[in-house]
Amino acid sequence: MTEEQPRRPAGTGAPRPGRTGDTGRPGRTSDTGRPGRAGEDGARSGDTTRSGRAREGATRSGDTPRSSRAGEGGGRSGDSARTARAGDGGSRSGDGARTATDGGTRPAGAGSSGDAAGQPAGVDLAGGLAALRGLLARPLASYYLLISSAGLLLLIGLTMVFSATSVRASAADGNAFAMVAKQALFALIGLGAFWACQRLPARTFRAVGLPTLGVAVLLLVVLDVLHLWDKLNGDGDAVLGPLEARLLWLYIGPIQVQPSELAKFGLVLWGADMIARKGAALGWWRELATPLFPVVGLLFLLVGYNDLGTMLCLLAVVVGLLWAAGIRKRVFGALSVLGLVGVGLLVAAASIGAGSGESDQKNYRLARLTMFFDPPPPDECGLTDCYQYLQARYAIDNGGWFGVGLGKSSLKWNWLPEAHNDFIFAILAEDLGVVGCAVVLSLFAVLAYTGLRIARRVADPFRRLAATAATAWLISQAVINIGGVVGLLPITGLPLPFISDGGSALVVTLAAIGMLASFARAEPDAARALHARPAPRWVRLLWAPLPPLPSARRRGKVAAPAPREPASGSGSGRRRESEAGPAGGRARRGRAGTASERRR
């Protein structure tokens, strides 16, 4: 470094020579005569200039440029250029252009063209992502995402039930709104279940888990016994007093219930409570196997005998519970082998009358698997096992990108079996096209993200396990149904949550959403936000009471060291036993306190 050049009096026209580097790069110019800074190997020239410091020979030129900082040879040119920092020689030119770091360009702002930034003018992707992150960071974001996604799916479901059943209902009793009115009634009952469940605390869900599962198992036993009684008698009438069994439904007088739907909710609550109580003891195989495996095995047998698809949903619930509990991978491997063996046995059981099969008829479950792995040509389907699959493909193809219009589906005119229930997604694809299917899939994706977000944010182990299991249940059922309709999975006869026609399934699904809403309000940040400005009393009475505040934690506080005992005759400087531990041992290192305390 050389000494700084003396200043030249103002008013001279000749530039003052400064320091030049190997490249001979000039310094900064200024018409106003204000001082600038120049670094190594830089000089300043122009009328009424003053010497300064420059950094590594950066240059600027223009009519009325203003001072800037440049690094490693980056330069700028243009009229009325403004200051920026440039690195590694990157520069931008143009009116009002700004330099970028590391030789690249930043997204164009005001006064810059969109082509230079690689994106259309006026589009700020970084700003949009920042706004989205800001919305998701709000305390009640999980609650509102859950309510909005589930509400939109319910609205779409009611619309599609009317579209798929209007022709059939009109032909049956002359009222096109007969079946959708029944579904709307179940939706109102489900909303009542949602309202009740979102008001319940976690301890209530833990208390009702075992009774709910017990009632479901009892109803399943009655259903299967009636079916076996019908098989033995051969009269085709599974009736015993006020009880009547029709495949998956049990009629208790005028009340129609589907026990397998109640079994899903019961397994979620009981399984989460049982695993949360065991805690770290789940590392032992014996603690994991009892009583979970015997109860799950009995439930799989009772449900899978009539409904293999629902048994797969129960399997997804168990997998979600064990995954949230942190079970080792080898346990998952062993359970996968046992699950495949169980599915194989249930498929073979259709040959002796399981489900809708007959002992002297073709195994329909095996036929579905064979048709999936080796589908026959379309001209050979006829009315055989691939007929429903083929008609669903026709409906999807007929819909195209934007559909034929809401309510204008032609396959619902008794061409597609179970168009209002198991294969309602095909009617949706025909009415609304690929765009409508994408909307439904996006809503299920939001629901899956929200359920896992709730499970990650809640502090209670039971809430975390139950939220994960309920999300696995709903999303796996949607994946199995949609995969069977479009041909990516074998057909299992499973309804689509929120969309398919069915009272028991809709009520239990909305009850599970209410449970998730209760957990979303119990997130630590959400609970603090709700208590910060509580709603009026009548709003809490109609909507939901305030959740409990999370337990306070000490942050940034370090416990004061214990005082030392005074020196005694047996030795000086001896620590107390509570601080140093037993005589001759190491001092205990507890893990109490927050992470910041432990790090300190």
Side-chain angles (χ1 to χ4, degrees), residues 132-154 187-212 265-266 268-270 272-273 275-277 324 446-471 473-474 507-557 594:
L132 179 60
R133 286 193 296 267
L135 291 176
L136 294 178
R138 293 188 176 185
L140 290 172
S142 300
Y143 181 81
Y144 291 121
L145 281 176
L146 180 71
I147 297 300
S148 59
S149 59
L152 288 175
L153 285 172
L154 178 61
L188 291 178
I189 299 174
L191 290 176
F194 163 82
W195 176 80
C197 288
Q198 78 157 352
R199 297 174 62 88
L200 299 178
R203 62 178 181 273
T204 305
F205 286 111
R206 302 184 73 163
V208 302
L210 183 59
T212 303
F265 201 21
V268 168
L269 298 179
W270 175 80
D273 178 51
I275 294 178
R277 290 180 185 276
V446 172
L447 186 64
Y449 164 77
T450 306
L452 296 179
R453 171 190 169 100
I454 295 171
R456 182 175 59 89
R457 287 174 173 255
V458 293
D460 183 20
F462 169 78
R463 289 191 177 102
R464 181 177 67 253
L465 293 166
T468 306
T471 305
W473 154 29
L474 296 176
V507 171
V508 176
T509 299
L510 290 177
I513 295 297
M515 181 189 68
L516 290 176
S518 174
F519 296 166
R521 289 168 56 88
E523 292 180 5
D525 292 340
R528 295 189 190 99
L530 291 173
H531 279 272
R533 189 172 62 181
R537 191 178 187 87
W538 66 272
V539 174
R540 283 180 287 168
L541 180 63
L542 294 177
W543 194 236
L546 295 178
L549 281 172
S551 58
R553 293 182 179 180
R554 295 184 304 167
R555 295 183 179 180
K557 295 182 181 180
T594 61

Atom pair CG/CZ of Leu200 and Phe205 - distance to nearest 0.5 Å: 4.5 Å
Nearest-0.5 Å distance, CG of residue Leu530 to CZ of residue Arg528: 12.0 Å
Close side-chain approach of Phe194 to Leu154, heavy-atom, < 4.5 Å: no
For Leu447, the option from Leu152, Thr471, Ile513 that meets side-chain contact (heavy atoms from CB on, under 4.5 Å): Ile513
Inter-residue atom distance Gln198.CD - Ile147.CD1, 0.5 Å rounding: 6.0 Å
Gap between atom CG of Leu546 and atom CZ of Arg521 - 0.5 Å precision: 6.5 Å
Distance-minimising heavy-atom pair for Ala470 and Met515: CB-CE, 3.9 Å
Heavy-atom check, side chain of Thr204 versus side chain of Pro201, under 4.5 Å: yes
Interatomic spacing from OG in Ser149 to CG in Leu153 - rounded to 0.5 Å: 6.5 Å
Verdict with supporting geometry, Thr450 and Leu516, side chain to side chain contact (heavy atoms under 4.5 Å, CB included): CA-CA 9 Å; Thr450 306; Leu516 290 176; over 6 Å; no
Nearest heavy atoms of Leu549 and Ala527, plus distance in Å: CD2-O, 3.8 Å
Check: Ala455 main-chain N/O paired with Thr468 side-chain donor or acceptor under 3.5 Å: no
Ala466 to Val268 - nearest heavy-atom pair and separation: O-CG1, 3.7 Å
Contact summary for Ala276 and Leu465, nearest pair of heavy atoms: N-CD1, 3.7 Å
Check: Glu523 side chain, Arg456 main-chain N or O, donor-acceptor pair, under 3.5 Å: no
Gly209 versus Leu269, closest heavy-atom pair with distance: CA-CB, 3.5 Å
Donor-acceptor under 3.5 Å (His531 side chain, Pro548 main chain): no
Whether Arg453 side chain and Leu136 backbone form a donor-acceptor pair below 3.5 Å: yes
Donor-acceptor contact present, side-chain Arg463 to main-chain Ser518, <3.5 Å: no
4.5 Å side-chain heavy-atom contact, Leu135 and Tyr144: no
Rounded distance [0.5 Å steps], CZ in Phe519 versus CZ in Phe462: 5.0 Å
Plane angle bin for Tyr143 and Trp543 - parallel if under 30°, tilted between 30 and 60°, otherwise perpendicular: perpendicular
